[in-house]
A.B. asks: 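One structure follows; several queries about it will come next.
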Amino acid sequence: MMTNSKRIAVVGTGYVGLVTGVALSEIGHNVKCVDLDSSKVESMKKGISPIYEPKLEDLMIKNFAEKRLDFTTNHQEAFKDVDVIYIAVGTPEKEDGTADMKYINSVCLDIANNITNEVVVVTKSTVPVGTNEHIERLIASNTKIPFSVVSNPEFLREGSAVHDTFNGDRIIIGSDNEEAADIIAEINKPFGLEVYKTNLRSAEMIKYASNAFLATKISFINEIANLSSSLGANIEEVAKGMGFDKRIGSTFLNAGIGYGGSCFPKDTKALVQIAGGSNHKFNLLRAVIEVNSKQQLLLVEKAKEYYGSLKGKKIAMLGLAFKPNTDDMREAASIVTAEQLILAGATVVAYDPIAISNAKKVLPDAVEYVNSVEEALKGADTAFIMTEWEEVKKTPLSLYEELLKDKTVFDGRNCYKLEEATNLHLDYHSVGRPDILRREVLV
Ligand code: NAD
């Protein structure tokens, strides 16, 4: 056991909480994760991760076996004699776009009612600027035990969350209490990442500003892509040419059918609301959100333009998760796309390597599910590529040509090189690149 090992509780075992708990135990701390959801806790105790995230389950099993990691539904048990409590519960979007604080508020009361000694409370959840001060007040008004508050926003990406935790670009530690900030910096030392200390409000803003900037980059490149395809330019060449400029950078310039997931959609909307609360109309971010909503439906628009009507068409939807290597379906483009296709009279047969059970909870009931790319393509008229899973990218375009009745593909993630389509008897539509059409369709 490392000498500086701390006793830590992590509240919430979702994508952030479980990864945080597992990673902190892996670097030698003693971690107890607490979640209200008893089925999650039971499953973790049996060695089954409730979420799909590469490498997570193996590390979870290892640290549980080595007794540095445990799970409970009981806050009293989790908070007994701990040095630090991480808050990693959800902050979902409310109908008006603001962040819902109900889980945060209830954790504050759980903390106040159950701590047995002085603790540092660390907020990992993404929370509006000023929330950590609210957390401080709420806990303080319900306990006499001393505590301090630190904002430590999370930057992991779903699909590579474990990798990101050990190889992230920075750790932001916001606090108005230097000693508490030092304790959290010390806890994170074994990760060997750059630590940047700020005040509480700056740390909260860094998280929203980072997500808003990344979402802006995506909507920007998608607008350039849409313009490129109507002007005869190729977005891949355009993005590559832009990316040579170090001020722009070459990453996050992939055109596609927009962003989804549990963070960018809700955090951009929350920041617009936060700005509104300060009488600031965040026009740029409003436009980013609007562009993304339109972009998620790009394949439906393209297919309607190509076919005239989608009535009676059978569409193979490849990939459902909002991005590869995750089972997370929150705000996935596949949801609105499937809804619109069914509304237009089409039928949808869907495949995803991991996300089908989550997809069943959010896609229209009429969607049919199959167990492979090939099964989805067989008997379908056309294919919509929604997620750039490795398995999808490895499927040769010639298989689409062989199996699809209409020999037409709408690729929302630019999975294939245009040359591959050029050599086939296939109509291939992608994002921001010229359509490749069979000769007979052209004339
Ligand atoms: P999630 O919805 O996957 O998990 C939240 C968990 O908290 C659930 O299991 C829920 O049962 C549990 N919970 C709620 N109230 C509780 C309570 N009082 N006590 C114990 N458990 C409780 O959420 P997530 O995706 O892990 O996100 C958590 C936070 O981190 C959010 O604020 C999110 O914006 C932020 N974040 C998420 C990501 C991501 O990629 N998912 C990345 C960075 C930041």
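All ligand and atom numbering here is 1-based and tracks the order in the structure.
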A.B. asks: May I ask you to list the atoms of ligand 1 that are less than 4.0 angstrom from any heavy atom of Thr91?
C.D. replies: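 Under 4.0 Å from Thr91, ligand 1 has these atoms: 31 (C), 32 (O), 34 (O).
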A.B. asks: Is any NZ, NE, NH1 or NH2 atom of the basic residue among Glu158 and Lys323 found under 4.0 Å from an Asp or Glu carboxylate oxygen of the other?
C.D. replies: no
A.B. asks: Looking at Phe155, does the NZ or CZ of Arg170 lie under 6.0 angstrom from its six-membered ring centre and within 45 degrees of the ring axis?
C.D. replies: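 That pair qualifies as a cation-pi contact.
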A.B. asks: Considering non-hydrogen atoms of the protein only, which is the closest contact for atom 4 (O) of ligand 1, and what is the distance?
C.D. replies: Gly14 CA, 3.3 Å
A.B. asks: Among all protein heavy atoms, pick the one closest to atom 18 (N) of ligand 1 and tell me residue, atom and distance.
C.D. replies: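 Ranking protein heavy atoms by distance from atom 18 (N) of ligand 1, first comes Asp110 OD2, 3.2 Å.
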A.B. asks: Checking a contact table here: which protein heavy atom is nearest atom 5 (C) of ligand 1, and how many Å away?
C.D. replies: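 Closest protein heavy atom to atom 5 (C) of ligand 1: Gly90 N, 3.7 Å.
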A.B. asks: Should you measure from each heavy atom of Val34, which atoms of ligand 1 turn up under 4.0 Å away?
C.D. replies: 20 (C), 21 (N)
A.B. asks: Tell me: protein heavy atom nearest atom 29 (C) of ligand 1, and distance?
C.D. replies: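 Checking every protein heavy atom, the shortest distance to atom 29 (C) of ligand 1 gives Val89 O, 3.3 Å.
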A.B. asks: Taking the six-membered ring of Tyr369 as reference, does the cationic atom of Lys360 (NZ for Lys, CZ for Arg) lie under 6.0 Å from its centre and within 45° of its axis?
C.D. replies: yes
A.B. asks: Is Arg247 salt-bridged to Asp245, going by a charged N under 4.0 Å from an acidic O?
C.D. replies: yes
A.B. asks: Could you see which bit of Lys207 sits under 4.0 Å from ligand 1, with heavy atoms only: side chain, backbone, both or neither?
C.D. replies: side chain
A.B. asks: When only distance counts, is Asp267 in polar contact with ligand 1, meaning an N/O pair under 3.5 Å?
C.D. replies: no
A.B. asks: So which protein heavy atom does atom 38 (C) of ligand 1 come closest to, and at what separation?
C.D. replies: Cys263 SG, 3.2 Å
A.B. asks: Numbering the atoms of ligand 1 from 1, which are under 4.0 Å from a heavy atom of Val11?
C.D. replies: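 Heavy-atom distances to Val11 below 4.0 Å select 19 (N), 20 (C).
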A.B. asks: Closer than 4.0 Å to some heavy atom of Ser106 - which atoms of ligand 1 meet that?
C.D. replies: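 It comes down to these atoms of ligand 1: 18 (N).
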A.B. asks: For ligand 1, which atoms, with element, lie under 4.0 Å from some heavy atom of Leu156?
C.D. replies: 40 (O), 42 (C)
A.B. asks: What is the distance from atom CD of Glu186 to atom NZ of Lys6, rounded to the nearest 0.5 Å?
C.D. replies: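 The NZ atom of Lys6 is 7.5 Å from CD of Glu186, to the nearest 0.5 Å.
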A.B. asks: Any idea which part of Ala88 is under 4.0 Å from ligand 1, heavy-atom wise: side chain, backbone, both or neither?
C.D. replies: backbone
A.B. asks: Could you check atom 35 (C) of ligand 1 against the protein and tell me its nearest heavy-atom contact, residue, atom and distance included?
C.D. replies: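 Minimum-distance protein heavy atom for atom 35 (C) of ligand 1 reads Thr126 OG1, 3.4 Å.
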A.B. asks: Number the atoms of ligand 1 from 1 as they appear, then name those within less than 4.0 Å of a heavy atom of Ser262, with their elements.
C.D. replies: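 Going through ligand 1 atom by atom, the ones under 4.0 Å from Ser262 are 39 (C), 41 (N).
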A.B. asks: Do Arg157 and Asp164 meet the salt-bridge criterion of a basic N to acidic O distance under 4.0 Å?
C.D. replies: yes
A.B. asks: Can you confirm if the aromatic rings of Tyr416 and Tyr400 lie within a centre distance of less than 6.0 Å?
C.D. replies: yes
A.B. asks: Answer side chain, backbone, both or neither: which part of Ser125 comes under 4.0 Å from ligand 1, heavy atoms only.
C.D. replies: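 Both backbone and side chain.
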A.B. asks: Can an N or O of Tyr15 be found at a distance shorter than 3.5 Å from an N or O of ligand 1?
C.D. replies: yes
A.B. asks: What's the spacing between Asn152 CG and Ile173 CD1 if we round to 0.5 Å?
C.D. replies: 6.0 Å
A.B. asks: Does atom CZ of Phe213 have more than 12 heavy-atom neighbours, drawn from other residues, nucleotides or ligands, at distances under 6.0 Å?
C.D. replies: no
A.B. asks: Distance under 4.0 Å to a non-hydrogen atom of Gly12: what atoms of ligand 1 satisfy this?
C.D. replies: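 Those qualifying, in numeric order: 6 (C), 7 (O), 12 (C), 21 (N).
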A.B. asks: So is Val107 polar-close to ligand 1, meaning N/O to N/O under 3.5 Å?
C.D. replies: no
A.B. asks: Does a salt bridge link Lys62 with Glu26, judged by any charged N lying under 4.0 Å from a carboxylate O?
C.D. replies: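 Yes, charged N to carboxylate O under 4.0 Å.
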A.B. asks: Can you tell which of Asp35, Thr72, Leu18 gets a heavy atom nearest to atom 11 (O) of ligand 1?
C.D. replies: Asp35
A.B. asks: Under 4.0 Å, heavy-atom basis, I'd like to know which part of Arg330 is in contact with ligand 1: side chain, backbone, both or neither.
C.D. replies: side chain
A.B. asks: Taking 4.0 angstrom as the limit, do Lys393 and Glu390 come out as a salt bridge?
C.D. replies: yes
A.B. asks: Number the atoms of ligand 1 from 1 as they appear, then name those within less than 4.0 Å of a heavy atom of Lys40, with their elements.
C.D. replies: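 Near Lys40, meaning under 4.0 Å from one of its heavy atoms, ligand 1 has 8 (C), 9 (O).
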A.B. asks: Judged on heavy-atom distance to atom 40 (O) of ligand 1, which of Lys266, Glu158, Lys124 sits nearest?
C.D. replies: Glu158
A.B. asks: Return the minimal non-hydrogen interatomic distance between Ser148 and Asn177, and the atom names on each side.
C.D. replies: CB-ND2, 3.4 Å
A.B. asks: For the OG atom of Ser125 and the CD1 atom of Ile87, what is their distance to the nearest 0.5 Å?
C.D. replies: 6.5 Å
A.B. asks: Which protein non-hydrogen atom lies closest to atom 19 (N) of ligand 1, naming both residue and atom, and how far is it?
C.D. replies: His75 NE2, 2.8 Å
A.B. asks: To the nearest 0.5 Å, what is the distance between CG on Asp352 and CE on Met317?
C.D. replies: 11.0 Å
A.B. asks: Considering only the protein, which heavy-atom contact is closest to atom 30 (O) of ligand 1, and what is its distance?
C.D. replies: Val16 CG2, 3.4 Å
A.B. asks: Can you confirm, on distance only, whether ligand 1 has an N/O atom lying under 3.5 Å from any N/O atom belonging to Glu154?
C.D. replies: no
A.B. asks: Check Glu388 with Arg413, please: is the shortest side-chain N to carboxylate O separation under 4.0 Å?
C.D. replies: yes
